[in-house]
Amino acid sequence: MIRVGLADDQRLFTAGMAMVIDSQPDMAVAWQAVDGAEAVEQQRTDPVDLLLMDVQMPGTDGLSATRTLVDSGARCRIVVLTTFDTDEYVIEGIEAGAAGFLLKNTPPEELLEALRTVHRGDSVVSASSTRRLLRHVRPLLGGGSGPEAPPARETRRALESLTPREREVLTAVARGYTNSEICELLVLSMPTVKTHVGNVLAKTGARDRVQAVLFAFRAGLVDRQDLLRDA
């Protein structure tokens, strides 16, 4: 049974989220918290496998709570919840150690699949969600219509360690393709794709696919026009 914690000050939202999660035979909401501090305390006393964390909450916000939990070695995987109308902290959340991010209006079926995916240790977002999200995330990475800044030395070194095929796989991941779609795109078997993805994560120092996407942007493998074409 996957135990889930919810941290959000919007009671109606968490109540609805809890109903969706509790309707599944393989997962259940263990507790709900109204701010980051309460979520940290709840995780300390009653650990869960997954924690859905809102960004903007009164008191201790979700980003601060995420850093605290990750730095303390908490074993739960944290998913940042965001709305692009108000939240501009997606990248900060991922860099703080979150396993991924979801829009608050994610359809229930996508939400449930995302939770199962992140519980398995992969990215929390679906391919279609990734493409939508990255169009908004791009400005936060310093992108624009002008020339790109050259990647940092560490990024260049990691990029140079990738084989040509690994670069192709990383670019596909950054554009939001799933492993199955990469198989079709590059005419590779699933075991081969999984091996390449694993190598990409190891060589770039990325914890998961979401961080690999950030690396691809910073390395200049994907730009704004790529996203506009693929979205």
Side-chain angles (χ1 to χ4, degrees), residues 63 66-67 69-71 73 75 77-80 82 89-102 114 117-144 147-227 229-231:
L63 297 180
T66 296
R67 292 190 191 93
L69 287 168
V70 171
D71 291 345
R75 303 179 73 88
R77 306 259 302 163
I78 302 173
V79 178
V80 172
T82 182
Y89 306 108
V90 179
I91 303 305
E92 222 179 313
I94 294 170
E95 292 181 334
F101 52 93
L102 285 175
T117 298
V118 76
H119 183 253
R120 293 193 296 266
D122 206 341
S123 170
V124 72
V125 291
S126 68
S128 59
S129 296
T130 300
R131 285 190 282 267
R132 275 200 317 274
L133 289 166
L134 292 179
R135 291 182 63 184
H136 294 272
V137 170
R138 177 58 176 165
L140 303 181
L141 293 172
E148 296 289 338
R153 180 179 303 175
E154 295 79 7
T155 301
R156 290 200 306 272
R157 188 178 298 120
L159 182 62
E160 290 167 358
S161 73
L162 299 177
T163 66
R165 180 61 86 183
E166 288 167 352
R167 288 196 187 198
E168 288 181 315
V169 170
L170 173 56
T171 301
V173 168
R175 288 174 174 167
Y177 288 96
T178 64
N179 283 355
S180 296
E181 290 171 331
I182 295 173
C183 288
E184 296 180 10
L185 178 70
L186 301 180
V187 194
L188 298 172
S189 68
M190 180 61 74
T192 299
V193 169
K194 288 183 176 179
T195 296
H196 285 317
V197 170
N199 290 341
V200 166
L201 296 182
K203 291 181 179 181
T204 61
R207 284 188 298 269
D208 51 37
R209 292 169 81 100
V210 177
Q211 285 210 330
V213 169
L214 303 188
F215 175 90
F217 275 112
R218 293 185 175 121
L221 293 181
V222 183
D223 60 26
R224 178 187 294 272
Q225 293 306 312
D226 288 324
L227 293 182
R229 284 193 296 268
D230 292 338

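Throughout, residue positions are numbered sequentially from 1 according to the sequence presented.
- What you find for Ala158 and Ser161 is that their closest heavy atoms are O-OG, 2.6 Å.
- Judged as a salt bridge (charged side-chain N to carboxylate O under 4.0 Å, His left out), and not counting sequence neighbours, Arg75 has no contacts.
- The CZ atom of Arg67 sits 11.0 Å away from the CD1 atom of Ile78 when rounded to the nearest 0.5 Å.
- When the options Ile182, Val169, Val193 are evaluated for a side-chain contact (heavy atoms from CB on, under 4.5 Å) with Tyr177, the one that passes is Ile182.
- When all heavy atoms of Ala174 and Ala216 are compared, the closest pair comes out as CB-CB, 3.5 Å.
- Arg77 contributes no side-chain N or O that, together with a main-chain N or O of Ala99, makes up a donor-acceptor pair within less than 3.5 Å.
- Considering only residues two or more places apart in sequence or on other chains, Arg167 meets the salt bridge (charged side-chain N to carboxylate O under 4.0 Å, His left out) condition with none of them.
- Nearest approach of Ala98 to Val80, heavy atoms of both residues: CB-CG2, 3.5 Å.
- Counting all heavy atoms, side chain and backbone alike, Ser180 lies closest to Met190 at OG-CE, 3.5 Å.
- The structure places NE2 of His196 at 12.5 Å from CG of Leu170, a figure rounded to the nearest 0.5 Å.
- Side-chain contact check for Glu168 versus Thr171: every heavy-atom pair is 4.5 Å or farther apart.
- Among residues two or more places apart in sequence or in another chain, the side chain to side chain donor-acceptor pair (under 3.5 Å) test is passed with Thr195 by none.
- Tested against Val173, the residues Val213, Leu201, Val200 include a single side-chain contact (heavy atoms from CB on, under 4.5 Å) partner, Val213.
- Within the model, atoms CG of Asn199 and OG1 of Thr204 stand 10.5 Å from one another, a figure rounded to the nearest 0.5 Å.
- Salt bridge status for Glu160 with Arg157: absent, with no side-chain N to carboxylate O gap under 4.0 Å.
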Audit row: Lys203, Thr163, side-chain contact (heavy atoms from CB on, under 4.5 Å) steps and yes/no: CA-CA 10 Å; Lys203 291 181 179 181; Thr163 66; 4.2 Å; yes
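- The structure places OG1 of Thr192 at 9.0 Å from CZ of Arg165, a figure rounded to the nearest 0.5 Å.
- The minimum heavy-atom distance between Ala114 and Leu102, with the atom names listed, is CB-CD2, 4.0 Å.
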